[in-house]
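For reference, the structure discussed in these notes is given below.
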Amino acid sequence: MVDDYLVRIGRLIRDARQHRGWTQLQLAEALATSQSAVNRIEKGNQNISLEMIARIGEALDSEIVSLGYAGPMHLRVVGGRRLSGSIEVKTSKNACVALLCASLLNSGRTILRKVARIEEVYRILEVLASIGVRARWINDGSDLEIVPPARLDLGSMDTEAARRTRSVIMFLGPLMHRAEQFEIPYAGGCDLGTRTVQPHMSALKHFGLELTATGGMYHAKVDASVSPTRPIVLTERGDTVTENALLAAARHDGVSVIRNASSNYMVQDLCFFLEELGVKVEGVGTTTLTVHGVPQIEADVDYSPSEDPVEAMSLLAAAVVTSSELTICRVPIEFLEIELAVLEEMGLDHDRGGGVSGGERSYASGGSDGAAFEARLPTDKIHPMPFPGLNIDNVPFFAAIAATAQGSTLIHDWVYDNRAIYLTELTRLGASVKLLDPHRVLVEGPTRWRSAEMMCPPALRPAVVVLLAMMAAEGTSVLRNVYVINRGYEDLAERLTALGARIEIFRDI
């Protein structure tokens, strides 16, 4: 029995090491041990203490063993089942994290309704709590109340929690108004390749922020006398860059004009929230935002973040890949118009029902026989563009969708350095996905999906794409180490199971 556990532990460590892209020698150097010792551990031929397992987990940034934590680690999927029924789209992940950062602007009480209960939100809450912000779940845990202290304790910031989320970069804008000097750690989150903070620095320097990066930290100094003398032109139309500029402008005493701004859904949510705080924002939904800043904000606000269009796309892809008919409710259609138009060209049969009534939006996918596709594909490639173009985060779902249909599709994910590479993981489930370069894959369909056991890709959307493909594959698949999915989705496995999927949450140890 002991030998069996050692072998299972060794396999977990091997999988986590390979997932990280390390050799045995690299892991040995991180642990100050020998490569032969790592080899024995991975083969189950060496006794190993809990302390050593914890050290290995820390080195590999992988939760090999967890004590007192109820969250899932792995998913066991019995595929080949059609889904049916109705499901509601949850509140936007990206809107929620932006609004949590924006709450630092307010000296009053902020209440956010139906906040997504996901790991990304939990990490931000841990960082906020460490610097003195009081946040508590209210109304049976569905809403969040946030009350900042008179003075933030920035020296006590939980840097480990901060490093596990890319959203911490949006602390720059609000903290400029709270301290003359501060530090935040390098942002983490998904492994999507090199992602520079230069656009943030270029935008925020107009408000007096000077940023240097050393020792794993961003060191910020603020010169409050600096004020924009002309419109701020963002060097990239990024969502978080636009949000940081908005957060800096919100309490700047004057009028700030931001050009080449993102008009995406989470940016619009932030603009509407700032208006609740008393900050006037003109041009919401366009690429030019004019912000009338308010030097001091002390307001009790109650705000409801919008629905998540990317989760809606995930559920739509689930219906397509499993040849199912679903009713998906609370879908923000206005942020999925391009995606739906592309899918219609690919042969999707769907109805839009209910429109917008009392904040409820509904959308049904699938034909009367439950089949979502005919044998048609677009002749052009699928690629993202800033809103109102096809959403960057929705591109990976088209890989699974294209693999379901007849013919060839080029997926061009030009934004991130290596996210397209993770889509090749679908080949392990039977798909034909050829990597042309780090940004482009060629998908050939249709696919006869097959089950497999594999590690979860370290990027959120490709990880969900793999899960959806497992749901379509006959047999039993295992997806290991699914923390990245929990970063962006609330109870996804349980909700899909309620629609007829068979997904079991389990842990090895």
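If you're wondering where the values come from, they're calculated on a predicted model, not measured in any experiment.
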*asked:* Any heavy-atom pair between the side chains of L343 and L316 that's under 4.5 Å?
replied: yes
*Could you please spell out the steps behind the side chain to side chain contact (heavy atoms under 4.5 Å, CB included) verdict for L390 and V342?*
CA-CA 9 Å; L390 195 147; V342 172; 4.3 Å; yes
*Examine distances only and state if a side-chain atom of Q268 and a backbone atom of S263 form a donor-acceptor pair shorter than 3.5 Å.*
yes
*Is R164 positioned over the aromatic face of Y483, cation under 6.0 angstrom from the ring centre and no more than 45 degrees off axis?*
yes
*asked:* Let's go through Y303 and L277 carefully: what are the C-alpha distance in whole Å and the side-chain angles of both, what is the deciding distance for side chain to side chain contact (heavy atoms under 4.5 Å, CB included) to 0.1 Å, and is it a yes or a no?
replied: CA-CA 10 Å; Y303 186 80; L277 294 179; over 6 Å; no
_Those residues that, when tested against E276, pass side-chain hydrogen bond (donor to acceptor under 3.5 Å, both in side chains) (two or more places apart)_ = none
*asked:* Between the side chains of R123 and E120, is the shortest nitrogen-to-carboxylate-oxygen separation below 4.0 Å, so that they form an ion pair?
replied: no
*Determine the sole option in R495, R461, K90, R330 for which the salt bridge (Lys or Arg N to Asp or Glu O under 4.0 Å) test with E311 is passed.*
R495
*Donor-acceptor under 3.5 Å (D269 side chain, P305 main chain)*: no
*asked:* Let me confirm one number: the CZ-CE distance from R76 to M470, rounded to the nearest 0.5 Å.
replied: 11.5 Å
*Take F335 and F387, measure what ring pair (Phe, Tyr, Trp, His ring centres under 6.0 Å) needs, and give me the verdict at the end.*
CA-CA 8 Å; F335 294 106; F387 181 78; 4.9 Å; yes
*Any side-chain donor-acceptor pair under 3.5 Å between Y265 and S306?*
no
*Is R11 atom CZ crowded by more than 12 heavy atoms from other residues, nucleotides or ligands, each under 6.0 Å away?*
no
